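Everything quoted here is computed from the prediction, not taken from an experiment.
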There are 2 protein chains.
Amino acid sequence: MGEGETTAFPLIWTQPPPRRRGLDREKIVAAAIRVADEAGLDGLTMKAVAAGLGPYSPMALYRHVHSKEGLFDLMLDAATAEIPLPGEPGGDWRDDLRTLALETRRMTARHPWFAVLVHARPPAGPHMMRRLEFMLTVLVRQGATVGEAMTYAALIDRHVFGSALQESEEARQERRHGLDDDARLYAAIAALRELAAADGRLPHLTEWLTHPAGPTPEERFAIGLDFVLDGIAGRLP
Amino acid sequence: MGEGETTAFPLIWTQPPPRRRGLDREKIVAAAIRVADEAGLDGLTMKAVAAGLGPYSPMALYRHVHSKEGLFDLMLDAATAEIPLPGEPGGDWRDDLRTLALETRRMTARHPWFAVLVHARPPAGPHMMRRLEFMLTVLVRQGATVGEAMTYAALIDRHVFGSALQESEEARQERRHGLDDDARLYAAIAALRELAAADGRLPHLTEWLTHPAGPTPEERFAIGLDFVLDGIAGRLP
DNA sequence: CTGGGGAAGTTTATGTCGTACACGAAGAGT
DNA sequence: ACTCTTCGTGTACGACATAAACTTCCCCAG
């Protein structure tokens, strides 16, 4: 049959040009991040990453990242590298920590998968370690012990990544159920409200589902962050 | 033809007694929770749940729960039902919220998978709704609007489930890498410390990895919870 | 210039999952 | 006794991660 034979008649001219060595960790991680940003963690398969790099087979990636979990670790550290990190703490410890928290939040907004993965992997990447070291330095300079500083840093990150996780999972649900247009979203809320109203003992929840009100996500984040920073301030010597 | 026969020799006695209708949601959910408690979320497969119920096929479950996500929802609500919930708020709003947070934490200690799933599913189960309503009631009685109460309740839960998530994922890592005995755990920490020390710019982190110190998980939880409750108190009218 | 070793990518295969579908058998209601 | 419904099974399919064996190419030592 046709001249594009791979089986019967191997004419060199019709064969695809041999693949040059084009892959490395950086490219693979960048492609994986691109895929995860666009398709979510569910869409992050080895096949999809390979396809995002060109005509590669999924197995090609294993030569460079040796497992999907390894790829996760590299993705986490690459995303963490995007967070601007001062070389030295500035004059105001609260500003230092607040700014870092806000920048971290901005990164998680670009990479919604981050908050999911960060809870599943140990934070051993170099950029993640440097970021943590910065928080520790800021707190230790205010008189905290290293153990206390670890506790406070963990509380800040709990809030940052907790917010990010909740918001990204909400967005995921909406995308999965096609709630992007207002009509569907309204219907989904109405269904929830009916459920709550049917119980009969949920007046406040029903009210909120009828008139959802309250601070924006951004304001909610700031409120919680202030709670943590105020709390830390109250415990510094 | 002979009755009961599937193969060559139709002896009724060698046939298993026909399966009676024994499954229902409750049993399935209880079995699923048992499996997840013991084997973790990775071990929670339809096959494992069916096996935990007796000689059932995995497909039998679908008659009652229609999908694995549906099973997740039922598991979340069943676990939430284990949290003691007063019918009415008591005299002290802080005590009410703190007690609920602590009881919730006790539940997540029994069911480490809870914190993972709760972030992935909408909290629409009746018990989850009642629990939320309780928090809203407590806060609204102190003068918060429903919108504010939602914000504060979310912050409390963020801390409770964030702690649980972190602790359960740490435990999972340790189990997965067989760090149950001290020698291996020590080696793992040493490896991390080498990594940190090699960077050269991570003195505080290195110090902490050399002498891990600080509050116990329980104390850390209490500290963060106080931060949130203090913050709420400062914003109530 | 050459040939051999190792690295990069592909093909093929394996085992595990969730779950759709069609079937058969076991009560329940008439 | 007959039918309708409800429950559980067997089989099958398509993803997915990844192991193993194979092929092709590059580079460097002689």
Between protein and nucleic acid, restricted to nucleotides 12-14 of chain D and to nitrogen or oxygen atoms under 3.5 Å apart, what atom pairs and distances do you find?
none

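What separates CG of A/Leu53 from P of C/dA8 is a distance of 15 Å, to the nearest Å. Per the geometry, CG belonging to B/Leu61 stands 13 Å off P belonging to C/dA20, to the nearest Å. Distance, B/Tyr62 OH to C/dA20 C1': 10 Å, rounded to whole Å. Remark: P of C/dT19 and OH of B/Tyr56 are 21 Å apart, rounded to the nearest angstrom. With rounding to whole Å, A/Leu41 atom CG is found 13 Å from D/dC16 atom P. The separation between B/Lys27 atom NZ and D/dG8 atom C1' is 14 Å, rounded to whole Å. When the P atom of C/dT10 is taken as reference, atom CE of A/Met46 falls 13 Å away, rounded to whole Å. Distance CG (B/Leu71) to P (C/dC17): 15 Å, rounded to an integer number of Å.
Backbone-only engagement by B/Leu44 is indicated by non-hydrogen atom pairs under 4.0 Å involving sugar-phosphate atoms exclusively. Base contact: A/Ser57 has a heavy atom under 4.0 Å from a base atom.
Contact annotation: A/His64 reaches the phosphate of C/dG9 (side-chain N/O to OP1 or OP2, under 4.0 Å).
With sequence neighbours excluded, the residues satisfying ring pair (Phe, Tyr, Trp, His ring centres under 6.0 Å) with A/His111 are A/Trp113.
Between A/Glu69 and B/Arg176 the shortest heavy-atom distance is OE1-NH2, 2.8 Å. Across all their heavy atoms, B/Asp77 and B/Met128 have their closest contact at OD1-N, 3.1 Å.
Of all nucleotides listed (D/dG8, C/dT10, C/dG18), D/dG8 comes nearest to the side chain of B/Leu23. Checked against C/dG9, C/dC17, D/dT9, the side chain of B/Ala60 finds its nearest nucleotide in D/dT9.
Atom NZ of B/Lys68 sits in a crowded spot, with more than 12 heavy atoms from other residues, nucleotides or ligands closer than 6.0 Å. Within a 6.0 Å sphere centred on CD of B/Glu26, other residues, nucleotides and ligands contribute 12 heavy atoms or fewer.
For the pair A/Thr45 and A/Arg63, nearest-nucleotide mapping onto DNA chain D gives the more 5' position to A/Thr45.
Ring geometry for A/His159 versus A/Phe221: interplanar angle under 30°, hence parallel rather than tilted (30 to 60°).
Using modelled atom types, one finds no donor on one side chain facing an acceptor on the other under 3.5 Å when comparing B/Gln173 with B/Glu169.
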